[in-house]
S.K.: 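Below you'll find the structure I mean.
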Amino acid sequence: MARIIVVTSGKGGVGKTTSSAAIGLGLALKGHKVVLIDFDIGLRNLDLIMGCERRVVYDFVNVINGEATLNQALIKDKRVSSLSILPASQTRDKDALNKENVGKVLEELGKSYDFIVCDSPAGIEAGAMMALYYADEAVVTTNPEVSSVRDSDRILGMLASRSRRAELGLDPIKEHLLLTRYSPKRVEEGEMLSVEDVEDILSIPLLGVIPESQAVLKASNAGEPVILDTESDAGKAYQDVIDRLLGETVEFRFLVAEKKGIFSRMFGG
Amino acid sequence: MADASIEFKGTSFTLSVLHIKTSELADIRADLVKKVAQAPDFFYLVPIVVNIEQLDCSVDYQAVKTLIEELKFTFVGFTGAVDKEQRKLIRDLGFSFVNTSKTDHSQKAAISQEAVAKEIQATAVVPEGNLYTDKVHRGQIRSGQQIYAKDQNLVVIGSVSAGAEVIADGNIHIYGSLRGRAIAGAKGHHKAQIYCQNLEAELVSINGNYWLSESMEQHWGSPAFINLTDSELTSSKLI
């Protein structure tokens, strides 16, 4: 049975799509069969981040409505053959999805994939609920900032009460905290919540801490998920996230600000 | 299969039995009203079986039922009819006749007035003495969630997030941080208290008196309990 992972947050702009892309590609690079689904109907973004926007013919809504088969809509990633992307529709809205049909699509995908990664839209409305409903695990993407933490808390409440697992009284969704855009320097200066602060408020296990990095924006614009940038801190941090998702224990990196050496201090680097 | 949705089972309940000793409805009413006035909350919608054993003449059964219901009891049926004809009459009128169990303690049934009065007193003071039962919630209460312990104390084993709300008619105990709102003694209970291991609440309220975060500075971020002293909220160090 495939593991269904929803990448969610409540708040927008915290890095859900970036994280979905990195997690999907990262798992595929480890040899797993992965499908990435964009649940953000109406605001197609995942295909851009994945660099396959020019290859979208049919989308998720077409499949739901029976206008296309799954195989017609799935886009095979050009870098890793075990990764497919199911893009969102640009011309429809979130009401185009319904629980029953989404369930059928996920069941069908579950037969041939190891991981189904669902990129949730922001908010707590129907679209976000649809993305999390069938999930086995949730990656709660959070910025170290009070409003993002508050929204993540709200989503955690939804995961515990509005999901299929909650409705059927099954084991609860496994929750993971993914802290993105983390800047140890700003934490030290007291401008940003620390990892400990966020963990204390949300009290769910920490999956990863992605440092604020120029590489993320560059990667997004290039359509190359940042996890492929193995030189960047963000890329390495996502790599650790993949290892932890696969059950390995990996020490957390990039939690403290780099000490400036004598030269950079002298030259103001 | 046809019965899958329902199931009949016999269960014993403690029901209040009202013994009537006269057929004079006005007298019964006067005494009942007096009794109810002593503890209106205790008697409200209490199921009542009417025992007619001590009655030496017949009574207007319909009128008895109406009287009972007017005084906000829940009428269950009659008991204590000796002869078959009387039982038949009761049934014909559409009332249920409740048989007492074989081990009927007719001696005990005649509970003295004083004993009843004592019992009423003991029951009526329950809210004051904090003898509520506990509703226990395990796990964190997240932003946007609300938990209400109706006629109970609330015990939360976990934290209450900012934006979450916990309400109890009795006390509130939080084994974790209180960052949201806590409302104790919600139905009006001035002796209700709020306990938490880390006070960072948005709002605390007891019996309608409330504090916002700014009033909690003294014990902010530490284990604290909050109660009402002369209608003023006060916080104290817990440990």
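Lettering follows sequence order; numbering is per chain, from 1.
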S.K.: Any chance CD of Glu167(A) has more than 12 other-residue heavy atoms, nucleotides or ligands included, within less than 6.0 Å?
M.R.: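 Yes, the 6.0 Å shell around CD holds more than 12 heavy atoms from other groups.
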S.K.: Can you tell me if Tyr148(B) has over 12 outside heavy atoms packed within less than 6.0 Å of its OH?
M.R.: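 Buried by this count: over 12 neighbours within 6.0 Å.
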S.K.: Near Tyr175(B) OH, under 6.0 Å, is it more than 12 heavy atoms from other residues, nucleotides or ligands?
M.R.: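 Not more than 12 within 6.0 Å, no.
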S.K.: Check each atom of Ser159(B) against the heavy atoms of chain A and say whether the ones under 4.5 Å are side chain, backbone, both or neither.
M.R.: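 Neither the backbone nor the side chain of Ser159(B) comes within 4.5 Å of chain A.
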S.K.: Does anything in residues 130-157 of chain A get under 4.5 Å of chain B by heavy atoms, and if so which residues?
M.R.: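 Residues of residues 130-157 of chain A touching chain B at under 4.5 Å: Arg150(A), Asp153(A), Arg154(A), Leu156(A), Gly157(A).
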S.K.: Taking atom CZ of Arg165(A) as the centre, report whether more than 12 heavy atoms of other residues, nucleotides or ligands fall under 6.0 Å from it.
M.R.: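 Atom CZ in Arg165(A) is packed in, count exceeds 12.
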S.K.: Inspect the surroundings of NZ in Lys72(B) and state if more than 12 heavy atoms from other residues, nucleotides or ligands are less than 6.0 Å away.
M.R.: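 Count not over threshold, so no.
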S.K.: Any chance CZ of Arg253(A) has more than 12 other-residue heavy atoms, nucleotides or ligands included, within less than 6.0 Å?
M.R.: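 Atom CZ in Arg253(A) is crowded, with more than 12 foreign heavy atoms closer than 6.0 Å.
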S.K.: Find the distance between CD1 (Ile201(A)) and CD (Glu200(B)) and round it off to the nearest 0.5 Å.
M.R.: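 If I round to the nearest 0.5 Å, the distance is 8.0 Å.
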S.K.: Let me know if Ile204(A) has heavy atoms under 4.5 Å from chain B in its side chain, its backbone, both or neither.
M.R.: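 Just its side chain gets close to chain B.
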S.K.: Roughly how far apart are Arg142(B) CZ and Ser161(A) OG, rounded to 0.5 Å?
M.R.: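 The CZ atom of Arg142(B) sits 11.0 Å away from the OG atom of Ser161(A).
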S.K.: Determine whether more than 12 heavy atoms belonging to other residues, nucleotides or ligands lie under 6.0 Å from atom CD of Glu100(A).
M.R.: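 Incorrect, the count does not exceed 12.
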S.K.: Taking all non-hydrogen atoms of both residues into account, name the closest pair between Arg179(B) and Asp200(A) and its distance.
M.R.: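 The answer is NH2-OD2, 2.7 Å.
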S.K.: Quick check: are there more than 12 heavy atoms from other residues, nucleotides or ligands sitting under 6.0 Å from CZ of Arg162(A)?
M.R.: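 It does not: Arg162(A) CZ has 12 such atoms or fewer within range.
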